[in-house]
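Report on the structure given below.
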Amino acid sequence: MIQEILYPLLVLGGMGLLFGAVLAYASQKFYVEVNPLQQKVRDALPGANDGGCGFASCDAYAQAVAEGRADINKCVVGGQAVAEALAAIMGTDAGTVKKRIARVMCKGTDNNAVKKYKYHGVKDCRAANALSGGDKECEFGCLGLGTCERVCPFDAIHVTAEGIAESDEEKCTGCGMCVDVCPKNVIQLIDISKRVIIFCNNHDKGKRVRQICKVGCIACSICVRQCPEKVITMDNDLAVINYDGCTNCGACIPRCPTKTILNLDEIISEVVAS
């Protein structure tokens, strides 16, 4: 009876000692010394691992910063505070980190956009897009199935009851994960200080746009002529703003015949008032 208990214990104990010795040897054999500067940078990062800095992880970004291969102001989650912390570590100037927000460049809600069929498949924009470009006649618009919503690590983008995705300025860090996953390329990262936005991604001719969406850009070029800063141009039948020169004057807004151009501050004020 004693032998039946003793032998298994001895075997298990021996195996434990053997494996422990192997692990101890491996830890010494394959040990990689971490650059102390890299560790300091890593400790200063928020650890979101969202990829907004352009690197796969905070560890990879910390290594690049420590080795001088990356700028210190690429952490969109940490913003200015993290940039200044990294600047202190690296002995350089933090500069200014511009906060960018994900904007869904479409107002083609269920009421505004024409549907070409009823979609009953997987609730995923990429899957729907693979089926003749999705259920909307507009091949450039938001499909509203929430793929961007599910990929967002900050709960900053949601599909509204009207079937269109919208971002939350307070929560959005500008990491760009929603941008990468959108099959329509309808989401753009725009400087948060820019408040006048052309909410359309459609490059069809004006006649076609009128047939499929109530709020699409019809390439009339009125906004181009109205802009005092001359920063609005036509890009393949779609009006686009060069935000480097936009002053948010809003001169383009009242003359837009399809109400495609909106002032974000006015939208927010209306939402608060309601």
Side-chain angles (χ1 to χ4, degrees), residues 51 101-169 171-172 174-190 196-223 232-241 253 256-262 264 267 270-271 274:
I101 298 296
R103 302 291 186 199
V104 182
M105 312 298 281
C106 177
K107 291 297 179 185
T109 63
D110 291 338
N111 291 327
N112 292 329
V114 175
K115 296 288 186 72
K116 56 185 173 185
Y117 63 84
K118 289 187 178 181
Y119 178 73
H120 297 290
V122 178
K123 194 174 181 181
D124 182 275
C125 297
R126 294 162 297 186
N129 189 51
L131 189 62
S132 301
D135 61 347
K136 290 181 177 176
E137 287 285 357
C138 176
E139 62 177 295
F140 303 93
C142 174
L143 293 175
L145 293 175
T147 301
C148 55
E149 178 180 294
R150 290 186 289 276
V151 78
C152 177
F154 305 102
D155 191 37
I157 190 166
H158 296 280
V159 176
T160 68
E162 290 75 31
I164 206 82
E166 290 184 352
S167 61
D168 184 329
E169 281 193 5
K171 295 181 178 179
C172 182
C175 71
M177 294 185 71
C178 57
V179 176
D180 294 337
V181 78
C182 176
K184 294 294 189 181
N185 298 317
V186 72
I187 309 175
Q188 296 181 16
L189 294 177
I190 298 176
V196 176
I197 307 292
I198 299 175
F199 283 100
C200 186
N201 188 46
N202 192 308
H203 288 276
D204 285 327
K205 298 293 184 185
K207 181 179 179 180
R208 168 66 176 164
V209 174
R210 285 189 181 280
Q211 293 171 340
I212 62 177
C213 184
K214 296 177 182 176
V215 293
C217 173
I218 56 174
C220 63
S221 296
I222 293 177
C223 57
I232 302 179
T233 57
M234 298 304 301
D235 177 16
N236 192 20
D237 294 313
L238 175 65
V240 295
I241 297 176
I253 296 176
C256 176
T258 55
K259 309 300 181 187
T260 306
I261 312 175
L262 300 172
L264 289 167
I267 296 174
E270 291 175 2
V271 171
S274 63

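Each residue takes its place number in the sequence, starting with 1. Just so it is clear, the model here is predicted, and its values are computed rather than measured.
- Annotation for Ala128 and Leu145: closest pair CB-CD1, 3.4 Å, computed over non-hydrogen atoms.
- The two residues Cys217 and Asp237 make their nearest non-hydrogen contact at SG-O, 4.2 Å.
- Note that OG1 of Thr260 and CD1 of Ile197 are 13.0 Å apart. Values are rounded to the nearest 0.5 Å.
- One finds the CG atom of Asp235 at 13.0 Å from the CD1 atom of Ile241 (value rounded to the nearest 0.5 Å).
- For the pair Leu143/Asp135, a side-chain contact is recorded, criterion being any heavy-atom separation below 4.5 Å from C-beta on.
- The shortest side-chain heavy-atom distance between Pro183 and Cys125 falls under the 4.5 Å cut-off.
- Between the CD1 atom of Ile157 and the SG atom of Cys152 there is a distance of 7.0 Å, given to the nearest 0.5 Å.
- Here the shortest heavy-atom pairing between Asp124 and Tyr119 reads O-OH, 4.2 Å.
- Between Cys106 and Asn201, the closest side-chain pair of non-hydrogen atoms is not below 4.5 Å.
- For the residue pair Asn112/Lys107, the side-chain donor-acceptor check at 3.5 Å is not satisfied.
- Here the shortest heavy-atom pairing between Cys138 and Ile212 reads CA-CD1, 3.7 Å.
- Expressed to the nearest 0.5 Å, how far CZ of Arg150 lies from NE2 of His158 amounts to 12.0 Å.
- Taking CG of Asp204 as the reference point, atom CD1 of Ile218 lies at 13.0 Å (rounded to 0.5 Å).
- A donor-acceptor pair under 3.5 Å links the side-chain atoms of Ser167 to the main chain of Ala102, judged by distance alone.
- Of the residues Arg208, Lys116, Lys115, Arg210, the one that meets the salt bridge (Lys or Arg N to Asp or Glu O under 4.0 Å) test with Glu137 is Arg208.
- Using a 4.5 Å heavy-atom cutoff, the side chains of Leu131 and Tyr117 are in contact.
- Within the 4.5 Å cutoff, the side chain of Gln211 has no heavy atoms near those of the Val114 side chain.
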Side chain to side chain contact (heavy atoms under 4.5 Å, CB included) for Val240 and Ile198? Distances and angles first, verdict last. CA-CA 7 Å; Val240 295; Ile198 299 175; 5.6 Å; no
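- Exactly one of Glu169, Glu166, Gln188 qualifies for a side-chain hydrogen bond (donor to acceptor under 3.5 Å, both in side chains) with Arg103. That residue is Glu169.
- In this structure the side chain of Ile253 never reaches within 4.5 angstrom of the side chain of Leu262, judged on heavy atoms.
- Among all heavy-atom pairs drawn from Ile232 and Ala239, the shortest one is CG2-CB, 4.2 Å.
- One N or O on the side chain of Lys136 and one on the backbone of Cys142 form a donor-acceptor pair closer than 3.5 Å.
- To the nearest 0.5 Å, atom CD1 of residue Ile187 and atom CE of residue Met105 are 11.0 Å apart.
- For the pair Cys213 and Gly108, the tightest heavy-atom approach, listed with the atom from each and the gap, is SG-CA, 4.2 Å.
- No donor-acceptor pair under 3.5 Å is formed between the side chain of Glu139 and the backbone N or O of Gly133.
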